[in-house]
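This report refers to the structure that appears directly beneath it.
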Amino acid sequence: MTAQLIDGIALSKQLRTEVAVRALALKAKGITPGLAVVLVGDNPASQVYVRNKVKACQDGGLHSVLEKYDAEMTESELLARVQALNNDPAIHGILVQLPLPAHIDAQKVTEAISPAKDVDGFHIASAGALMTGMPGFWPCTPYGCMKMLESIGYELRGKHAVVIGRSNIVGKPMALMLLHKDATVTICHSRTQNLKTLTLQADVIVAAVGKRDVLTADMVKPGAVVLDVGMNRNDEGKLCGDVDFAGVKEVAGFITPVPGGVGPMTITMLLVNTLEAAERANS
Ligand code: NAP
């Protein structure tokens, strides 16, 4: 069996077109959805991420502001900037790119963002809203994974989903989103014993670890849906996921590639959240 690809680039294109249409409808009312991206320091990976986010906004007809500060910026200066953005009516979403320099308390900064503008979905109010099923912003990466499942018409009710990884930004919110769709969810992590026994029972597997080949073909039930969140480098320095793609695609029913899978969906869901924030602010 060869799995069907879930193409994150094609799905992103479709969703970004929908965002652009909704942005136009807001613009007709004199509102341009706006995202502020704040970068502190010169982490090369972060610079690429923020550039991509700002460009995606511009392409989608959203207003975006990139604020860059040097690594010496103090925590109180950053908190003051966040406060100013909270009060800026032209800004509907605020994203402070992580990681922050060590002298800044990232959690404190995250909690300083108004939950109404928390388009990354990292604020504890957003986490609480997800947990309780209340309206709020969902973290972009697991939200993108849910959209990928939706795109193939996958019915999660009663299915067994195994999430490998329990971070606050991917694994845990992913598990909650699957649970909200009535899947039976198992969360695995570095202390999980007999990972293979669990993944072999899964109808859906989400790998969010950050290590190559965490999931190999012998660990996958034939026909299972495999979503690969991981971003790693192989021996040739090329981008790869957590899943042994070549092997697993022969067993799985659906699989996401890396690159071109979950990655583009993450930025797309940031645009969706920003648009949603602007719509809510003006409803
Ligand atoms: P993280 O905070 O480092 O969490 C990794 C998780 O994997 C932890 O819960 C850890 O368990 C678990 N783990 C480690 N080794 C394991 C093993 N051998 N077996 C089972 N579980 C294991 O990472 P993250 O932020 O969630 O990101 C995960 C990956 O996704 C990374 O590669 C990251 O770059 C990528 N990512 C991609 C996107 C995207 O847009 N595509 C977005 C975000 C993240 P413990 O909790 O026990 O330590």
Side-chain angles (χ1 to χ4, degrees), residues 5-9 11-12 15-16 37 43-46 48-53 55-56 95-100 106-107 110 119-122 126-127 130 137-149 161-178 185-202 205-216 218-220 226-234 237-245 248 255-273:
L5 271 193
I6 311 179
D7 182 343
I9 296 174
L11 180 57
S12 281
L15 292 172
R16 288 183 196 194
V37 179
N43 179 316
S46 294
V48 175
Y49 293 149
V50 298
R51 248 201 327 269
N52 289 344
K53 288 168 185 174
K55 185 175 180 310
L95 182 157
V96 178
Q97 184 65 44
L98 301 177
L100 286 167
Q107 194 60 40
T110 300
V119 288
D120 248 346
F122 295 166
S126 304
L130 171 59
F137 292 108
W138 286 5
C140 300
T141 301
Y143 191 10
C145 289
M146 293 304 286
K147 284 284 170 193
M148 292 180 115
L149 290 171
V162 169
V163 179
I164 318 175
R166 58 172 165 180
S167 71
N168 289 334
I169 62 168
V170 189
K172 282 185 213 161
M174 184 79 247
L176 286 168
M177 289 174 202
L178 293 162
V185 184
T186 302
I187 307 175
C188 302
H189 46 78
S190 67
R191 307 299 163 93
T192 296
Q193 295 184 4
N194 303 320
L195 179 64
K196 179 177 170 179
T197 311
L198 296 164
T199 56
L200 273 174
Q201 297 168 33
I205 304 171
V206 183
V209 173
K211 287 183 186 155
R212 284 155 54 187
D213 297 338
V214 158
L215 192 76
T216 48
D218 58 315
M219 300 167 76
V220 177
V226 176
L227 306 182
D228 191 353
V229 177
M231 287 203 301
N232 312 296
R233 297 272 163 197
N234 67 15
K238 285 193 181 148
L239 194 62
C240 67
D242 290 346
V243 174
D244 169 24
F245 183 81
V248 172
I255 190 167
T256 63
V258 177
V262 175
M265 290 299 293
T266 297
I267 296 189
T268 298
M269 300 323 291
L270 176 68
L271 302 190
V272 170
N273 278 349

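Heads up: numbering here begins at 1 and tracks the sequence. As the structure is a prediction and not an experimental result, all values here were calculated from the model. Start at 1 and go down the list; that is how both ligands and their atoms are numbered.
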Review point. Checking side chain to side chain contact (heavy atoms under 4.5 Å, CB included) for the pair Phe122/Ile169: CA distance, chi angles, key distance, verdict?
Key: CA-CA 7 Å; Phe122 295 166; Ile169 62 168; 3.3 Å; yes
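Contact record, Leu130 with Pro139: CD2-CD, 4.3 Å, taken as the closest heavy-atom pair. Of all heavy-atom pairs between Arg16 and Thr268, the closest is NE-OG1, 2.8 Å. Residue Ser12 comes nearest to Met265 through the heavy atom pair OG-SD, 3.5 Å, listed as atom of the first residue, atom of the second, then distance.
Residue contacts with ligand 1 include Gly263, since one or more of its heavy atoms lies under 4.0 Å from the ligand.
If you check which protein heavy atom lies closest to atom 23 (O) of ligand 1, you get Val209 O, 4.2 Å. Scanning all protein heavy atoms for the shortest distance to atom 31 (C) of ligand 1 gives Gly210 CA, 3.6 Å. Given atom 18 (N) of ligand 1, the protein heavy atom at minimum distance is Lys211 NZ, 4.2 Å. In this structure, the protein non-hydrogen atom closest to atom 40 (O) of ligand 1 is Thr266 OG1, 2.7 Å. Considering only non-hydrogen protein atoms, atom 26 (O) of ligand 1 sits nearest to Ser167 OG, 2.5 Å. The protein atom (non-hydrogen) at minimum distance from atom 33 (C) of ligand 1 is Met231 N, 4.3 Å. Looking at atom 48 (O) of ligand 1, its nearest protein heavy atom turns out to be Ser190 OG, 3.6 Å. Of the protein's non-hydrogen atoms, the one nearest atom 37 (C) of ligand 1 is Val229 O, 3.1 Å.
Residue Ile164 has at least one heavy-atom neighbour below 4.0 Å for each of these atoms of ligand 1: 20 (C), 21 (N). With ligand atoms numbered from 1 in the order given, ligand 1 contributes 6 (C), 7 (O), 9 (O) to contacts under 4.0 Å with heavy atoms of Gly165. Contact atoms of ligand 1 toward Ala208: 5 (C), 6 (C), 7 (O), 28 (C) (distance under 4.0 Å to a heavy atom of the residue).
Contact annotation: for Val214 versus ligand 1, there are no heavy atoms closer than 4.0 Å. If you look at Ile169 next to ligand 1, the close heavy atoms, those under 4.0 Å, all belong to the side chain. Residue contacts with ligand 1 for Thr141 involve side-chain atoms from C-beta outward but no N, CA, C or O (heavy atoms, distance under 4.0 Å).
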